[in-house]
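Working notes for the structure below.
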Amino acid sequence: MQTTFTLAQLADPNTAEAEKILRTCVHCGFCTATCPTYVLLGDELDSPRGRIYLIKQMLEQDKPASEVEARHIDRCLSCLSCMTTCPSGVHYMHLVDHAREHIERTYRRPAADRWMRRLLATIIPRPNLFRLALAGASLAKLVGAQHWLPKRLRAMVALARIPATPRVTDRPGVFPAQRQKCGRVAMLAGCAQPALRPEINEAAIRLLNRLDVEVVVAEGAGCCGSLTHHMGLEDAALAAAKANIAAWHREIEADGLDAILVTTSGCGTTIKDYGYMFREDPVWRDRAKAVSERARDVTEYLQHLGLKSAAQGAGLRVAYHAACSLQHGQKVTEAPKQLLREAGFTVLNVPEAHLCCGSAGTYNMLQPDLSQRLRDRKAANIKSVVPDLLATGNIGCMQQLEDAVGVPIVHTVELLDWAHGGPRPRSMN
Ligand code: SF4
Ligand code: SF4
């Protein structure tokens, strides 16, 4: 794609990077067929190619974003299915992240939209505040008050669950190997996940300790910043990322870290991108790169460790839902399925596995109509393979699909822990 940026515009490294990405697009349109919003709406402007054009115009003209640009780019799930499909290697993720930041900086959203975004960006990354909000929303649901709320707040309340009590695995600490230590890793405690399903990290830590890996939850690490990053709130996203980089770098310097493990694939995709996010920052660049290089999805690391075969899961039909952030964002596709198979489960592939379930961070609250259509489509595809269980690697997908699939939903690592001597996952009881 030809571009017409001026030299002055290209002096900005972010614009120069966007230009490089734009030039790799050859307008072939292969990406449209696998884009969930294009599949639903059939509008070119809601396809990757259409959005790339909009972003090009918006950046080249160097004007504040318009309502049209904001609307079509807001509808993008950042599912990155287009990146898997694109034969030219267009790095849509970096392009749309830059566009979102430009929109946030230059476009004045309607008041309700601004308020909603501020609310989400304030509450979700703070575990205690998030627990409080979950408790309030659960109460509202109990007394039926959600019917009086505006649509998007209603969607937010519908997704709320009674918060889990804080666990020891949410707090900074060292979880020792059971026998002779053969590895040392850090684990992201995260922000929303411990309030919703603390048993995921508990299972991961238990399993790793049984495999003689020491696990550290580092002091000072918290939200990965992806929620604010995908809203274009760069200052907040970079501040969260810096806190994590500093915390993990202290651990690297103190005792070394073989890996930084993440059990929420949405967060993993962002942490693997810290090196890029700080590429122009001489103070943080090297440490960010060291962190990104060590970041792994928990299943990647378990596959590298090698688990013994197990028979616990024999007979159970597990539909595997590939979270977009894991399959498209990190290109981790086989490790979770292979580990589940080796653990004795019958793994079922879900039709249209490349399409997003509509969760996409805060998308299910900001775009409830599209999100629900995608959820219903995903749920129908899952039900079509008649599973006993649904396994996935991202808390957002688990919450999104919880009431829709009619079978228990478990994190892949909970099943692996169970198959290798841990307790049966709570959601299966
Ligand atoms: S598939 Fe890639 S090259 Fe083709 S239109 Fe889409 S982004 Fe551009
Ligand atoms: S990230 Fe997903 S929703 Fe956005 S353009 Fe690409 S395929 Fe479509």
Side-chain angles (χ1 to χ4, degrees), residues 1-3 17-60 65 68-103 226-227 229-232 265-266 268-270 272-273 276 321-331 333 352-375 377-378 394 396-397 400:
M1 180 180 284
Q2 277 198 332
T3 57
E17 190 63 27
E19 196 237 11
K20 229 191 286 170
I21 300 169
L22 289 166
R23 281 179 169 271
T24 54
C25 176
V26 294
H27 331 194
C28 64
F30 286 162
C31 52
T32 55
T34 59
C35 170
T37 52
Y38 185 75
V39 168
L40 289 187
L41 303 169
D43 181 342
E44 174 73 14
L45 291 181
D46 287 312
S47 78
R49 184 173 58 181
R51 292 189 178 111
I52 289 169
Y53 270 114
L54 281 179
I55 295 170
K56 172 178 142 49
Q57 267 175 18
M58 179 175 80
L59 297 179
E60 273 179 350
V68 173
E69 287 147 355
R71 174 157 36 99
H72 292 290
I73 289 162
D74 282 356
R75 279 190 197 149
C76 168
L77 296 130
S78 279
C79 68
L80 310 180
S81 174
C82 47
M83 282 180 62
T84 299
T85 313
C86 176
S88 291
V90 173
H91 207 304
Y92 179 83
M93 178 174 100
H94 289 158
L95 187 65
V96 80
D97 284 346
H98 180 51
R100 291 190 202 280
E101 194 263 326
H102 179 86
I103 291 170
S226 71
L227 186 132
H229 187 50
H230 292 138
M231 286 181 165
S265 59
T269 308
T270 299
K272 286 182 176 181
D273 206 40
Y276 176 84
H321 165 61
C324 296
S325 40
L326 200 54
Q327 63 166 330
H328 304 306
Q330 301 182 45
K331 304 284 183 264
T333 53
E352 292 191 329
H354 61 283
L355 284 185
C356 181
C357 67
S359 165
T362 54
Y363 194 90
N364 45 10
M365 291 168 265
L366 294 171
Q367 303 280 342
D369 292 338
L370 285 174
S371 167
Q372 277 165 27
R373 286 171 70 185
L374 288 170
R375 183 201 58 189
R377 188 172 177 134
K378 180 63 73 182
N394 191 48
C397 311
Q400 171 82 347

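Counting starts at 1 for both ligands and their atoms, following the listed order.
- Close approach of ligand 2 to Tyr92 (heavy-atom distance below 4.0 Å) involves ligand atoms 1 (S), 4 (Fe), 5 (S), 6 (Fe).
- For ligand 1 and Pro87, the ligand atoms under 4.0 Å from any heavy atom of the residue are 1 (S).
- Within the 4.0 Å heavy-atom shell around ligand 1 one finds Val26.
- At least one side-chain heavy atom of Leu77 sits less than 4.5 Å from a side-chain heavy atom of Pro36.
- If you look at Ile52 next to ligand 1, the close heavy atoms, those under 4.0 Å, all belong to the side chain.
- The closest donor-acceptor contact from the side chain of Ser47 to the backbone of Asp43 lies at 3.5 Å or more, if one exists at all.
- Take a cut-off of 2.8 Å around atom 8 (Fe) of ligand 2: the protein N, O or S atoms inside it are Cys35 SG.
- Not a single donor-acceptor pair under 3.5 Å links the side chain of Lys56 to the backbone N or O of Thr3.
- Remark: Ser359 engages Cys357, Asn364, Gln400 in a side chain to side chain contact (heavy atoms under 4.5 Å, CB included) (not counting sequence neighbours).
- Only side-chain heavy atoms of Val90 come within less than 4.0 Å of ligand 1; its backbone N, CA, C and O stay farther off.
- By the 6.0 Å contact criterion, NZ on Lys331 is enclosed, its count of non-hydrogen atoms from other residues, nucleotides or ligands being greater than 12.
- Considering only non-hydrogen protein atoms, atom 8 (Fe) of ligand 1 sits nearest to Cys25 SG, 2.4 Å.
- Interface of Leu80 with ligand 2, defined as ligand atoms under 4.0 Å from a residue heavy atom, comprises 1 (S), 2 (Fe).
- Annotation: side chain of Thr84 is not in contact with side chain of Gln327 (no heavy-atom distance under 4.5 Å).
- Residue contacts with ligand 1, taken as heavy atom pairs separated by less than 4.0 Å, involve His27 solely via the backbone atoms N, CA, C and O.
- In this structure, the protein non-hydrogen atom closest to atom 4 (Fe) of ligand 1 is Cys28 SG, 2.3 Å.
- Counting only heavy atoms from C-beta outward, the side chains of Arg375 and Gln372 approach each other to under 4.5 Å.
- Nearest non-hydrogen protein atom to atom 2 (Fe) of ligand 1 is Cys86 SG, 2.3 Å.
- Residue-level proximity to ligand 2 for Ser78 is carried by the backbone, the only part with a heavy atom below 4.0 angstrom.
- Taken from CZ in Arg373 to CG in Leu40, the straight-line distance is 4.5 Å, to the nearest 0.5 Å.
- Residue, atom and distance of the protein heavy atom nearest to atom 5 (S) of ligand 1 are Gly29 N, 3.2 Å.
- Screening Met93, Met83, His354 for a side chain to side chain contact (heavy atoms under 4.5 Å, CB included) involving His328 leaves a single residue, His354.
- Remark: side-chain polar atoms of Arg51 are paired, donor with acceptor, to backbone N or O of His72 under 3.5 angstrom.
- Aromatic ring pairs are classed by plane angle as parallel below 30°, tilted from 30° to 60° and perpendicular above 60°; the pair Tyr53 and His27 is perpendicular.
- With values rounded to the nearest 0.5 angstrom, Asp273 atom CG is found 6.0 Å from His91 atom NE2.
- Within the structure, ligand 1 lacks Gly89 among the residues with a heavy atom less than 4.0 angstrom away.
- With hydrogens and angles disregarded, a donor-acceptor distance shorter than 3.5 Å links the side chain of His230 to the backbone of Ser226.
- Only the side chain of Ser88 comes within 4.0 Å of ligand 1, judged by heavy-atom distances.
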